[in-house]
Engineer: 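Can you keep this structure in mind? I'll have questions shortly.
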Amino acid sequence: MNQPQSVKAEAVLITGGASGIGLTCARQAAARGARVAIVDINPTAAAEAVATLDGDGHLAIAADVTDADAMRHAADQFADGGSLTGVVAAAGIVSRSPLLDIDVAEFRRVLDINVIGVQNTISAAGPHLIRSGALGSVVVLGSAAAFTGGGLMGNGAYATSKAALIGLVRGYARELAPHRVRVNMVAPGATETPMTDVLSDADRDRIAGMSLLGRLSKPEEIAAAIAFLLAPDAGTITGQILHVNGGVVFG
């Protein structure tokens, strides 16, 4: 008779965790007893964010997601304190430049952070997720823009980067499934974060009107969906896109 495997204590590495949805994910994870690493390009912001978390054993790690070596070091540093069971890839930037006007440097920067940054994150954390022996989980922060071509917070380059992540998520889901690691995406619409604080009232009303619910999402709502996908109860869900965008997109 097979003996049930022991449940590993939750330990989650979160990129872009110093603000917005990433920070909300970090706070929710810490509140449920997880050990958390907040990885952010801004060391001061990462340290300040960690100081707001419940519990102890958390880490603030300064790293640029576009730097593969830095991300490997970040994952190694966190895993030194114990098993790594989950990853939330939330670091990203928005571009509002129209595709006909955007220059190559800006387009490349969007792709480097939003796509290569996620690749660097998963490839760095993946070996630790596999070695942990837990049912590991990776959740990538996508966007409804991947399905609408933009028109919410970002335009075509942003939409392109988030669409590319769909292929990355499904590719990793196939490759990591034999190792009991699941990979999924949550696709929000416009959400109440520092990114939306800069909107004019007119833009805010226009974007809110694209939701069937007539409002922007709350970061807690997005983080709750991510928490569900991180949990063992979602153990047969992999390679999926979970739309949490008020009906902007029907998935």
Side-chain angles (χ1 to χ4, degrees), residues 4-18 22-23 25-30 32-41 43 46-47 49-50 53 55-92 113 115-141 165 168-186 223 226-239:
Q5 292 190 352
S6 60
V7 176
K8 296 277 186 177
E10 187 181 10
V12 185
L13 182 147
I14 303 173
T15 66
L23 177 56
C25 288
R27 287 172 173 165
Q28 288 189 1
R32 62 179 180 264
R35 192 170 61 91
V36 174
I38 288 180
V39 180
D40 200 274
I41 196 169
V50 162
L53 303 182
D56 51 28
H58 311 305
L59 287 181
I61 303 175
D64 182 345
V65 294
T66 67
D67 184 334
D69 289 337
M71 289 308 300
R72 280 192 292 271
H73 177 73
D76 291 349
Q77 182 181 349
F78 187 48
D80 279 347
S83 296
L84 174 58
T85 64
V87 172
V88 178
I113 295 173
V115 183
I116 301 303
V118 175
Q119 159 62 12
N120 289 342
T121 299
I122 302 175
S123 65
H128 296 292
L129 291 168
I130 293 168
R131 281 197 293 270
S132 76
L135 182 60
S137 178
V138 177
V139 184
V140 173
L141 193 64
L165 291 178
L168 190 69
V169 162
R170 289 176 170 166
Y172 265 119
R174 284 188 177 277
E175 291 189 17
L176 294 180
H179 304 287
R180 302 180 70 248
V181 177
R182 301 176 297 106
V183 186
N184 293 286
M185 172 185 286
V186 167
I226 291 171
F228 163 68
L229 290 173
L230 288 173
D233 286 345
T236 58
I237 301 175
T238 195

Engineer: Which atom pair, heavy atoms only, marks the closest approach of Ala18 to Asp40?
Structural biologist: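 What the structure gives for the nearest pair is CB-OD2, 3.4 Å.
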Engineer: For the side chain of Arg182 and the backbone of Leu135, is there at least one donor-acceptor N/O pair under 3.5 Å apart?
Structural biologist: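 Such a contact is absent between Arg182 side chain and Leu135 backbone.
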Engineer: Taking only residues two or more places apart in sequence, or in another chain, which ones meet Arg174 in a salt bridge (Lys or Arg N to Asp or Glu O under 4.0 Å)?
Structural biologist: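 Partners of Arg174 by the salt bridge (Lys or Arg N to Asp or Glu O under 4.0 Å) criterion come out as none, since no residue qualifies.
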Engineer: Under 3.5 Å, side chain of Thr85 to main-chain N/O of Ala11, donor-acceptor pair present?
Structural biologist: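 Yes, Thr85 side chain to Ala11 backbone: donor-acceptor pair under 3.5 Å.
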Engineer: Within the 4.5 Å heavy-atom criterion, are Ser132 and Leu84 side-chain neighbours or not?
Structural biologist: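 No, their side chains stay 4.5 Å or more apart.
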Engineer: For Ser137 and Val181, which heavy atoms make the closest approach, and how far apart are they?
Structural biologist: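 In terms of heavy atoms, the two residues are closest at N-CG1, 4.4 Å.
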Engineer: Could you list the residues that satisfy side chain to side chain contact (heavy atoms under 4.5 Å, CB included) with Ile41, not counting sequence neighbours?
Structural biologist: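 Scan of Ile41 (side chain to side chain contact (heavy atoms under 4.5 Å, CB included), adjacent residues dropped) gives Asp64.
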Engineer: Within the 4.5 Å heavy-atom criterion, are Ile226 and Leu229 side-chain neighbours or not?
Structural biologist: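 No, too far: nothing below the 4.5 Å cut-off.
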Engineer: Considering non-hydrogen atoms only, spot the tightest contact between Val39 and Ala74 and give its length.
Structural biologist: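 Minimum heavy-atom contact is CG2-CB, 4.5 Å.
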Engineer: Got Leu129 and Leu176 here, is their nearest side-chain heavy-atom distance under 4.5 Å?
Structural biologist: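 Leu129 vs Leu176: side chains apart.
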Engineer: Donor-acceptor pair, Arg32 side chain versus Glu10 backbone, under 3.5 Å?
Structural biologist: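 Answer holds: no.
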Engineer: Under the side chain to side chain contact (heavy atoms under 4.5 Å, CB included) test, which residues partner Ala90, sequence neighbours left out?
Structural biologist: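 For Ala90 the side chain to side chain contact (heavy atoms under 4.5 Å, CB included) partners, ignoring immediate neighbours, are Val88, Leu141.
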Engineer: Between Met71 and Ala63, which heavy-atom pair has the shortest distance, and what is it?
Structural biologist: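 Answer, listing the atom of Met71 first, then Ala63: SD-CB, 4.1 Å.
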Engineer: My understanding is that only residues two or more places apart in sequence, or in another chain, count here; which of them pass side-chain hydrogen bond (donor to acceptor under 3.5 Å, both in side chains) with Arg170?
Structural biologist: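 Partners of Arg170 by the side-chain hydrogen bond (donor to acceptor under 3.5 Å, both in side chains) criterion come out as none, since no residue qualifies.
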Engineer: Sequence neighbours left out, what passes side chain to side chain contact (heavy atoms under 4.5 Å, CB included) with Ala173? Give chain and number order.
Structural biologist: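 With neighbours one apart ignored, the set is Val183, Thr238.
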Engineer: Are any non-hydrogen side-chain atoms of Arg27 and Leu53 less than 4.5 angstrom apart?
Structural biologist: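 When only atoms from C-beta onward are counted, Leu53 and Arg27 do touch, with a gap below 4.5 Å.
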Engineer: Ignoring hydrogens, what is the shortest heavy-atom contact between Asp69 and Asp67? Give both atom names and the distance.
Structural biologist: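 Heavy atoms only, the tightest pair is N-OD1, 3.1 Å.
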Engineer: Quick one: which residue pairs count as a side-chain hydrogen bond (donor to acceptor under 3.5 Å, both in side chains) with a foot in residues 119-128, not counting sequence neighbours?
Structural biologist: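 Found Asp76-His128, Gln119-Tyr172, His128-Arg131.
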Engineer: Can you name the residues that form a side chain to side chain contact (heavy atoms under 4.5 Å, CB included) with Gln77, not counting sequence neighbours?
Structural biologist: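 Here the qualifying residues are Leu59, Ile61, His73.
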Engineer: How about CG on Asp56, more than 12 heavy atoms from neighbouring residues, nucleotides or ligands closer than 6.0 Å, or not?
Structural biologist: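 Open.
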Engineer: Taking all heavy atoms of Ala91 and all of Val65, pick out the closest pair and write down the distance.
Structural biologist: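 Distance-wise, the nearest heavy atoms are CB-CG1, 4.0 Å.
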Engineer: Are Glu175 and Ile122 side-chain neighbours, meaning at least one heavy-atom pair lies under 4.5 Å?
Structural biologist: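 In short, these two side chains do not touch, never coming nearer than 4.5 Å.
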